[in-house]
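Structure record follows, encoded as structure tokens.
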Protein chains: 2
Amino acid sequence: MDFQSADDGSVVSNLKTRKEETRQRIVETASRLFQQKGVDGVGVDEIMRESGLTHGGFYAHFANKEALVAEACTCALQQASAKWSGLGQLLSDDARFEQFMNEYLAGDPRTGAPACPAAMLGPDVARRGEAVQAAYTAGVKRMIEVIAKEAGAEREEAIAMFAAMIGATNLAASVGDDKALAAEILQATRRQLLQCGVAEG
Amino acid sequence: MDFQSADDGSVVSNLKTRKEETRQRIVETASRLFQQKGVDGVGVDEIMRESGLTHGGFYAHFANKEALVAEACTCALQQASAKWSGLGQLLSDDARFEQFMNEYLAGDPRTGAPACPAAMLGPDVARRGEAVQAAYTAGVKRMIEVIAKEAGAEREEAIAMFAAMIGATNLAASVGDDKALAAEILQATRRQLLQCGVAEG
DNA sequence: CATATCGTATGACGATCGTCATAATCCAAG
DNA sequence: CTTGGATTATGACGATCGTCATACGATATG
């Protein structure tokens with residue numbers, strides 16, 4: 001609602017930042033809601049309301065919903081990349097590999113939500129326009145590099161690991177009413193990745 | 001509900017079959033469109049039109065859209081299971097494993113569409129009601145058994161393989177504007193599965 | 001205090017959504 | 001041909017969708 005106005009010369013900068021902040025808030029809200037309910041499952045109305053605004057002002061920030069979808073994808077994958085950058089620099093490669101994988105597959109311990117935005121947004125992105133796919137692709141490339149670095153793996157191995165974790169997250173979330181099966185899926189993927197990763201590393 | 005006195009069995013059967021056939025056509029159309037455009041991306045209107053009908057008659061066949069979604073999931077995974085049941089009974093386990101995996105990851109050579117409905121429907125299912133998730137879960141269990149049998153793998157291995165293929169399909173489809181990356185993803189998953197599968201089998 | 005500017009709110013538009021009551025059409029049986 | 005039940009089409013409802021023109025209110029400057 002109200003913000004700290006600096007009395008020094010950075011007033012103009014603050015004004016500029018206000019709209020930027022609002023815009024960023026909309027993007028982050030959208031990123032969260034898109035993952036929860038799907039891109040077609042959330043309207044501009046709900047995104048703005050959840051951001052503490054009203055729907056009409058949306059087009060002062062974005063050309064259309066598609067542009068927001070692209071930015072939300074960038075934001076979601078950016079946050080995921082940042083979350084795992086600099087995970088455990090002190091551990092051995094094998095230990096980092098295992099820790100990374102376990103945390104990734106576990107998801108958010110509080111909400112129980114999948115930790116992998118790529119898994120939940122994937123099919124939605126595949127059905128949307130070029131700009132959205134480009135934003136998603138750039139995020140995926142960053143994620144691959146982060147995984148390779150943090151898990152101490154070759155690029156090809158990192159890609160396979162990423163795909164496997166996405167698939168496991170995807171499957172586990174979709175059979176969510178069968179907790180035993182969901183756990184079995186995550187466990188099977190954990191074991192396979194560990195086996196291959198250790199065997200190769 | 002309604003019982004027909006069976007003085008002529010074929011007639012009753014014909015009457016019964018007509019509505020059943022229409023219903024089945026709707027389900028298969030929905031299954032295809034849901035995978036292409038997402039569950040929230042297709043309306044009852046389009047599904048009926050694409051089935052050669054008009055939208056109003058929909059509720060003579062289904063209680064609501066949610067019920068159709070559940071049936072479409074069952075249908076999609078059922079077709080996928082059937083497609084790979086009895087793939088290559090003559091080959092060795094290793095050869096079947098490789099062939100199965102290659103065909104699965106390749107997708108439909110004509111349309112280029114992913115061969116795995118589970119991958120495209122997953123997140124959509126995760127966001128819908130209990131009935132839809134139950135239908136999807138049942139289909140996933142069948143698929144796991146089919147994979148274990150056709151690829152000559154243990155259950156745990158089959159689950160990990162299924163998850164990896166879903167993830168690879170998911171990722172490759174979503175970075176579709178970057179053909180090189182998509183190919184790299186499929187290739188990395190192929191190699192990892194082959195390595196683990198052969199090592200264990 | 002007056003004013004111009006920027007950010008947001010109000011309210012409306014055409015389109016499409018899921019749903020349903022009801023009318024029109026088909027087709028086997030008499 | 002007539003009839004009656006099964007099947008599909010018509011048309012409409014309230015709600016919500018994405019989008020936009022426009023008016024309001026706060027702020028920085030003179």
Side-chain angles (χ1 to χ4, degrees), chain A residues 1-27 29-30 33-34 37-72 124 128-129 132, chain B residues 1-26 29-30 33-34 37-70 72 124 128-129 132:
Chain A
M1 195 62 82
D2 51 355
F3 55 95
Q4 321 247 341
S5 60
D7 293 341
D8 49 35
S10 64
V11 176
V12 173
S13 156
N14 270 345
L15 277 181
K16 235 181 143 180
T17 325
R18 190 145 84 87
K19 190 170 182 181
E20 277 278 325
E21 275 177 6
T22 300
R23 186 190 159 97
Q24 187 61 25
R25 188 153 32 96
I26 297 173
V27 171
T29 302
L33 290 179
F34 285 158
K37 305 189 171 190
V39 172
D40 283 326
V42 194
V44 170
D45 188 48
E46 184 177 356
I47 294 171
M48 293 298 277
R49 201 182 325 115
E50 202 80 4
S51 303
L53 300 168
T54 51
H55 67 278
F58 177 81
Y59 293 87
H61 296 278
F62 305 95
N64 46 36
K65 188 185 179 183
E66 190 81 359
L68 173 62
V69 176
E71 288 218 30
D124 277 352
R128 290 211 117 74
V132 173
Chain B
M1 203 164 278
D2 48 355
F3 275 83
Q4 321 259 352
S5 50
D7 24 339
D8 190 339
S10 68
V11 172
V12 172
S13 156
N14 270 346
L15 278 180
K16 238 182 141 176
T17 323
R18 192 146 80 86
K19 190 170 183 181
E20 277 278 324
E21 274 176 8
T22 300
R23 186 190 159 97
Q24 188 59 25
R25 188 154 31 97
I26 297 173
T29 302
L33 290 179
F34 285 159
K37 306 189 170 188
V39 172
D40 283 326
V42 193
V44 170
D45 188 46
E46 185 177 356
I47 294 171
M48 294 298 277
R49 201 183 324 116
E50 203 79 5
S51 303
L53 301 168
T54 51
H55 66 278
F58 176 80
Y59 293 88
H61 296 278
F62 305 95
N64 46 37
K65 189 184 178 183
E66 190 81 359
L68 173 63
V69 177
D124 277 351
R128 290 210 117 74
V132 173

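Every chain is numbered from 1 and lettered A, B, ... according to where its sequence line falls, protein lines coming before strand lines.
Checked by distance alone, A:H55 brings a side-chain donor or acceptor within 3.5 Å of a matching partner on the base of C:dG11.
Rounded to a whole Å, the CG atom of B:D45 is 9 Å from the P atom of C:dG18. Rounded to whole Å, atom P of C:dG18 lies 10 Å from atom CG of B:L68. We find that CD of B:E20 is positioned 16 Å from C1' of D:dT8, with the value rounded to whole Å. Protein atom CD of A:E66 is 17 Å distant from nucleotide atom P of D:dC17, rounded to whole Å. We find that CD of A:E21 is positioned 15 Å from C1' of C:dT8, with the value rounded to whole Å. Atom CE of A:M48 and atom P of C:dA9 are 7 Å apart (whole Å). In this structure, A:I47 places its CD1 atom 11 Å from P of D:dT19, rounding to the nearest Å. Atom P of nucleotide D:dG18 and atom CZ of A:F58 are separated by 9 Å, given to the nearest angstrom.
Regarding contacts with the backbone of D:dT19, a side-chain N or O of A:Y59 is found under 4.0 angstrom from either OP1 or OP2. Phosphate proximity of D:dT8 to B:T22: present, with a side-chain N or O under 4.0 Å from OP1 or OP2.
Without hydrogens or angle criteria, B:E66 side chain to B:G129 main chain gives a donor-acceptor distance under 3.5 Å.
Taken to the nearest 0.5 Å, the NE2 atom of B:H61 stands 8.5 Å off from the CZ atom of B:R25.
Under 4.0 Å is where a charged nitrogen must lie from a carboxylate oxygen, and between A:D45 and A:R49 at least one such pair does.
Residues B:G57 and A:E46 each lie close to DNA chain D; by heavy-atom proximity, the contact nearer the 5' end of the strand is made by B:G57.
Picking from D:dT8, C:dT19, C:dT8 the nucleotide with the shortest atom distance to the side chain of A:H61 gives C:dT8. In this structure, of D:dT7, D:dT10, D:dG18, it is D:dG18 that holds the atom nearest to the side chain of A:K65. The side chain of B:N64 has C:dT19 as its nearest neighbour among D:dT7, C:dT19, C:dT8.
Legend: residues meeting side-chain hydrogen bond (donor to acceptor under 3.5 Å, both in side chains) with A:N64, ordered by chain and number and at least two apart, are absent.
The side-chain contact (heavy atoms from CB on, under 4.5 Å) test with B:S51 singles out one residue from B:L33, B:T22, B:I26, and that residue is B:I26.
Counting any heavy atom pair closer than 4.0 Å across all strands shown, A:G56 reaches a base atom.
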